[in-house]
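Step one of this worksheet: look at the structure below.
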Amino acid sequence: MDLRSELLKSIWYAFTALDVEKSGKVSKSQLKVLSHNLYTVLCIPHDPAALEEHFRDDDDGPVSSQGYMPYLNKYILDKVVEGTFVKENVDELCWTLTAKKNYRPEGKCVLPGKDAFRLWCLFIFLSEDRYPLVIIPDEVEYLLKKLCMAMSVELNCVELEDFISQDSVQQNGFIVWAFLEMMNSGRLTRGIAKETISMAIEEVYREIVGDVLKEGYLWKKGQLRRNWIERWFTLRPSTLIYFTSEDRKDRKGNIQLDGNCCVEVLPDRDGKRCMFCLKTLTKTYELSASDTKQRQEWTTAIQTAIRLHVEGKTSLHKDLKLKRREQREQREKRREAKEQELQRLRALQEERERKMAELELLKEAQRQAQALLEQDEVRRRQQHEQLQQALEIQLKEAEESARASMQAEMALKEAEAERQRKRIKELEALQQRLEEALQQEIKARQDEEAFRYAQARLLAEEEEKMKALMSLREEQEEYIQRAQREKQELKQEMESKSRALGEAQMQLEEVRANRHRVDQDVVAAQRKLRQASTNVKHWNVQMNRLMHPIGPGEKRPSGSGSFSSFRIPSQKDPGLCLRQKSDEQDEESKENMESRGGCESDRRLSTNGDMEIP
């Protein structure tokens, strides 16, 4: 049973619940609300104009189920993607609509609403693929046995047979409301607490509808710290999930199961008993059960999950349901063939009995005729003694002819019986060939199903590759954006460095201008110093003159004589040494200023030398 069939069963209950007058039609406003809710729970983009466009020629009056089905298939079910929505939400929506109209428990109710909803989901899962939906008594008995097994009690088959024989049960099976009424009556669960019933219903619901093969507590050895921790494990056909506790809120890990996985039993060690390990391609998980029985159940369940994954099956109970249905169909075919064979044998027996009756009638008629002849002979013996010989001859001839005709007819009947036996053998051979053809057809269907699952797996792998490609494309776009941001930052840094270079050039120009002004001041100071030196020389000459006064009777020397009398100061003359030292200091200060200006400009240029000048 595929996903579309499962959804259609739930939606059928919702549609019939909206059909208040039981006319097979529902108003468009109600269908709009139903469609909007289906869009929401199935996680499909809403298309409010689709319903109006689909029914634009039928604006007045309600819409039948045949008219709603094309819209449902085209605009809703064709857009459904498995894994993008929660199937339980769809079931809750349809249950809410149909329970308001049809589920009205009378008297003391055994089942709360949540348990009734789960039983309704189990009914849909096990129901036949024909409408109105019914569940045959064999499936009801299978479900009740699962519930009783979960409650550790035995099924009361007498109560079940009594309920099946009631008039409320249809000839083809149970309807869901009769099934819920039977469960609410408490006759099958007499003496069992409501909490136990609720726990059993939840366990069977998770097993059949939720595809949970087994769940419970196991001790798990850590991969890093290598210590033992108790976890709640849930096993499904393709995964083994473990949680912190049984409320399944804190998920700790997920082990994917495939054909490369295997289960092995380990000897007791590290103070742990009933150990086994689950090996995958990358890791080995060591586990410990509470007892040997639990270890055997867990290993068997994990091997079953691996087998289902290898065979491409997603649900154990779907496969079991199909097998039970095939077995019922085969039993029904064998029963019909046997009935037909019995009818043919019965017809042959009736034909044979009819022939034997006719033979008995003929013999009786012969006996009566013989008696009449004897009576006539006795009666006429006295009158027709001459004709006795002739009559006896005629009687013998008649008897021989009758015997011959009877023998011929018996031979014909035996030939007919032989032909019938040959016909029976031919029919048996034909039945054997039909069974072989049926087995071949079943095998062909299984091969086709395997190919279909392989194709689905290839499509899933292609989708995963597409997702990986999209992630690589997103990483490339992110890298390009990061490179653009870095380029922008480098551009800003270059602009800031160019601004700093401009400021450094301005400072260099200012230093050059200051240096030029200082040079001018030095030149002026040198000029003044030279003038002062000239004045000092002049005053020295005057002082030398004054130091040699003219005596009486001496003549004033002429101009040429003054130069001859001028004395060149020696190196030890303090005035001359002072002037030379001042000149040397002036020259050194000038050189130092020039060197400082050059070093300052060189330092400024070396600081900004790595900047690019636009």
Side-chain angles (χ1 to χ4, degrees), residues 1-12 38-39 41-45 69-70 72-91 121 124-129 206-214 234-241 251 254-262 278 280-282 301-326 439-473:
M1 183 172 58
D2 56 354
L3 180 62
R4 180 186 290 263
S5 300
E6 294 178 1
L7 294 174
L8 275 177
K9 287 184 177 180
S10 301
I11 296 171
W12 178 80
L38 289 176
Y39 278 124
V41 297
L42 292 173
C43 299
I44 301 173
M69 278 301 296
L72 183 65
N73 289 321
K74 180 178 180 181
Y75 294 98
I76 297 179
L77 296 181
D78 288 346
K79 299 179 181 179
V80 171
V81 180
E82 188 172 1
T84 59
F85 66 96
V86 181
K87 174 66 166 52
E88 188 175 357
N89 295 337
V90 182
D91 293 335
C121 295
I124 290 178
F125 185 88
L126 297 175
S127 62
E128 298 299 307
D129 297 336
R206 286 179 54 77
E207 178 183 353
I208 296 178
V209 180
D211 292 331
V212 176
L213 299 180
K214 187 171 178 58
T234 299
L235 176 63
R236 287 189 168 87
S238 60
T239 58
L240 178 61
I241 308 171
R251 178 174 172 177
N254 183 8
I255 304 173
Q256 294 292 332
L257 302 178
D258 53 22
N260 299 315
C261 300
C262 66
L278 173 59
T280 64
L281 285 177
T282 57
I302 294 173
Q303 289 172 355
T304 302
I306 295 172
R307 177 180 59 81
L308 290 174
H309 183 79
V310 171
E311 293 177 357
K313 298 174 182 177
T314 59
S315 174
L316 173 63
H317 285 277
K318 288 180 181 178
D319 185 43
L320 293 177
K321 179 186 175 184
L322 292 176
K323 288 183 179 179
R324 290 196 303 272
R325 183 176 296 175
E326 291 175 358
Q439 292 296 329
Q440 293 176 359
E441 183 180 359
I442 291 171
K443 184 178 180 182
R445 289 183 179 177
Q446 291 176 352
D447 295 340
E448 181 183 359
E449 192 71 20
F451 293 151
R452 188 179 302 163
Y453 282 121
Q455 184 180 7
R457 186 170 62 254
L458 291 175
L459 290 175
E461 292 177 357
E462 184 178 358
E463 185 177 357
E464 291 178 358
K465 292 181 179 178
M466 287 297 295
K467 290 181 180 178
L469 180 61
M470 292 300 293
S471 63
L472 290 175
R473 183 176 297 174

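- In this structure, the side chains of His309 and Arg236 stay at 4.5 Å or more apart for every pair of heavy atoms.
- A heavy-atom distance below 4.5 Å is not found between the side chains of Leu469 and Lys465.
- Here the side chains of Thr282 and Gln256 are not in contact, with every heavy-atom distance at 4.5 Å or above.
- Among the candidates Ile255, Leu235, Leu213, the single residue satisfying the side chain to side chain contact (heavy atoms under 4.5 Å, CB included) test with Ile302 is Leu235.
- Within the 3.5 Å criterion, the main-chain N or O of Ser127 finds a donor-acceptor partner in the side chain of Lys321.
- Under the side chain to side chain contact (heavy atoms under 4.5 Å, CB included) criterion, Arg251 pairs with Ile241, Phe243, Asn254, sequence neighbours left out.
- Here the straight-line distance linking atom CG of Leu281 with atom SG of Cys261 works out to 7.0 Å at 0.5 Å rounding.
- Rounding to the nearest 0.5 Å places CG of Leu257 at 6.5 Å from OG1 of Thr239.
- Expressed to the nearest 0.5 Å, how far CZ of Phe85 lies from CD1 of Ile44 amounts to 8.0 Å.
- More than 12 heavy atoms of other residues, nucleotides or ligands sit less than 6.0 Å from atom NZ of Lys79.
- Considering only residues two or more places apart in sequence or on other chains, Asp91 meets the side-chain hydrogen bond (donor to acceptor under 3.5 Å, both in side chains) condition with Ser10, Lys87.
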Please list every donor-acceptor pair under 3.5 Å in which a side-chain atom of residues 450-463 meets a protein atom from a residue at least two apart or in another chain.
from, atom 1, to, atom 2, distance (Å)
Arg452, NH1, Glu449, OE1, 3.4
Arg452, NH2, Glu448, OE2, 3.2
Tyr453, OH, Glu449, OE2, 3.2

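- Here CG of Leu38 is found 9.0 Å from CG of Leu7. Values are rounded to the nearest 0.5 Å.
- In this structure the side chain of Ile306 never reaches within 4.5 angstrom of the side chain of Gln303, judged on heavy atoms.
- Here the CG atom belonging to Leu72 is positioned 14.5 Å from the CH2 atom belonging to Trp12, to the nearest 0.5 angstrom.
- Every residue meeting the side-chain hydrogen bond (donor to acceptor under 3.5 Å, both in side chains) condition with Asp78, not counting sequence neighbours, appears here in chain and number order: Arg4.
- Residues satisfying the salt bridge (charged side-chain N to carboxylate O under 4.0 Å, His left out) test with Lys323, not counting sequence neighbours, are Asp319.
- Annotation: salt bridge (charged side-chain N to carboxylate O under 4.0 Å, His left out) contacts of Glu326 (sequence neighbours excluded): none.
- For the atom pair CG of Leu77 and CG of Leu8, the computed distance is 5.0 Å after rounding to the nearest 0.5 Å.
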Can you list the steps and then say if Arg445 with Glu441 is a side-chain contact (heavy atoms from CB on, under 4.5 Å)?
-> CA-CA 6 Å; Arg445 289 183 179 177; Glu441 183 180 359; 2.8 Å; yes
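- Residues Lys214 and Thr304 are not in side-chain contact: their nearest non-hydrogen atoms beyond the backbone lie 4.5 Å or more apart.
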